[in-house]
Amino acid sequence: MASVLRNVKVLPNSASVEEARQRVFEFFRVACRSLPSVMEIYNLYDVTSVAQLRSTIASEIRKNINLSDPKVIDMLLFKGMEELKNVVNHSKQRHHIIGQYVVGQQGQVQDSASKDPGTSPFLKNFYSSNYF
């Protein structure tokens, strides 16, 4: 899959929003085609599925659906291609991928019931002695 990404060149700026839109669709196709190799490279089968990663990519693209400037769209597309190249070329580690694209989408779950701040006698004494 890395050979497919090597052949992708940075194209000149899009002439219209429609041309930029077509480039975004092509980027989405390339990203989706690279997902099985990403799953294999980073051994993500126990954490997520290809469909979940595909929906994460789609939601990242949909965040910028309201943009109407072709230059801005091209810049974001360039950043997306660089990110995809870094992921496919194994420039990131497994926990980076999990943190950005698996847990980052769902948010980290924290158990707030287990923490009870300020009930420790040490902390009460500390707060009373160090605050004026």
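Please read these numbers as outputs of a predicted model, since none were measured by experiment.
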Inter-residue atom distance [X].[atom1] - [Y].[atom2], 0.5 Å rounding:
X      : Y      : atom1 : atom2 : answer
Asn13  : Ile73  : CG    : CD1   : 11.5 Å
Ile57  : Phe27  : CD1   : CZ    : 7.0 Å
Thr48  : Tyr101 : OG1   : OH    : 13.0 Å
Asn125 : Ser120 : CG    : OG    : 9.5 Å
Met81  : Leu76  : CE    : CG    : 14.0 Å
Ile97  : Thr56  : CD1   : OG1   : 11.5 Å

Exercise. More than 12 heavy atoms of other residues, nucleotides or ligands under 6.0 Å from CZ of Phe122: is that the case?
Worked result: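 It does not: Phe122 CZ has 12 such atoms or fewer within range.
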Flag, side chain of [X] to backbone of [Y], donor-acceptor distance under 3.5 Å:
X     : Y     : result
Glu19 : Ala15 : yes
Asn89 : Lys85 : yes
Ser91 : Val87 : no

Exercise. Looking at Ser34 and Leu84, what are the two nearest heavy atoms and their distance?
Worked result: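 For Ser34 and Leu84, the tightest heavy-atom pair comes out as OG-CD1, 3.4 Å.
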Seminar exercise, completed: Ser68 and Pro70 have their tightest heavy-atom pair at O-CD, 3.5 Å
Exercise. Does the pair Lys92 and Tyr42 meet the rule for a side-chain contact (heavy atoms from CB on, under 4.5 Å), with working shown?
Worked result: CA-CA 9 Å; Lys92 294 186 175 236; Tyr42 293 100; 3.9 Å; yes
Problem set entry | Residue pairs involving residues 46-59 (criterion salt bridge (charged side-chain N to carboxylate O under 4.0 Å, His left out); sequence neighbours excluded) | Asp46-Arg94
For this session: Give the intermediate values and the outcome of salt bridge (charged side-chain N to carboxylate O under 4.0 Å, His left out) for residues Glu26 and Arg23.
Result: CA-CA 5 Å; Glu26 183 60 32; Arg23 288 183 183 182; over 6 Å; no
For this session: Quick one: do Glu60 and Glu83 satisfy side-chain contact (heavy atoms from CB on, under 4.5 Å)? Show the steps, please.
Result: CA-CA 12 Å; Glu60 289 293 321; Glu83 180 72 15; over 6 Å; no
Exercise. Would Gln22 and Glu18 count as a side-chain hydrogen bond (donor to acceptor under 3.5 Å, both in side chains) if you check the C-alpha gap in whole Å, the side-chain angles of each, and the deciding distance to 0.1 Å?
Worked result: CA-CA 6 Å; Gln22 291 303 319; Glu18 187 59 35; 3.2 Å; yes
For this session: Check step by step if side-chain contact (heavy atoms from CB on, under 4.5 Å) holds for Gln52 and Val102.
Result: CA-CA 8 Å; Gln52 288 174 333; Val102 178; 5.8 Å; no
Exercise. Out of curiosity, does Val103 fall in the hydrophobic cluster containing Tyr45 (side-chain heavy atoms, cut-off under 4.5 Å, transitive links)?
Worked result: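 Yes, it is one cluster - the side chains of Tyr45 and Val103 are joined through contacts under 4.5 Å.
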Exercise. Residues in side-chain hydrogen bond (donor to acceptor under 3.5 Å, both in side chains) with Lys79, at least two apart?
Worked result: none
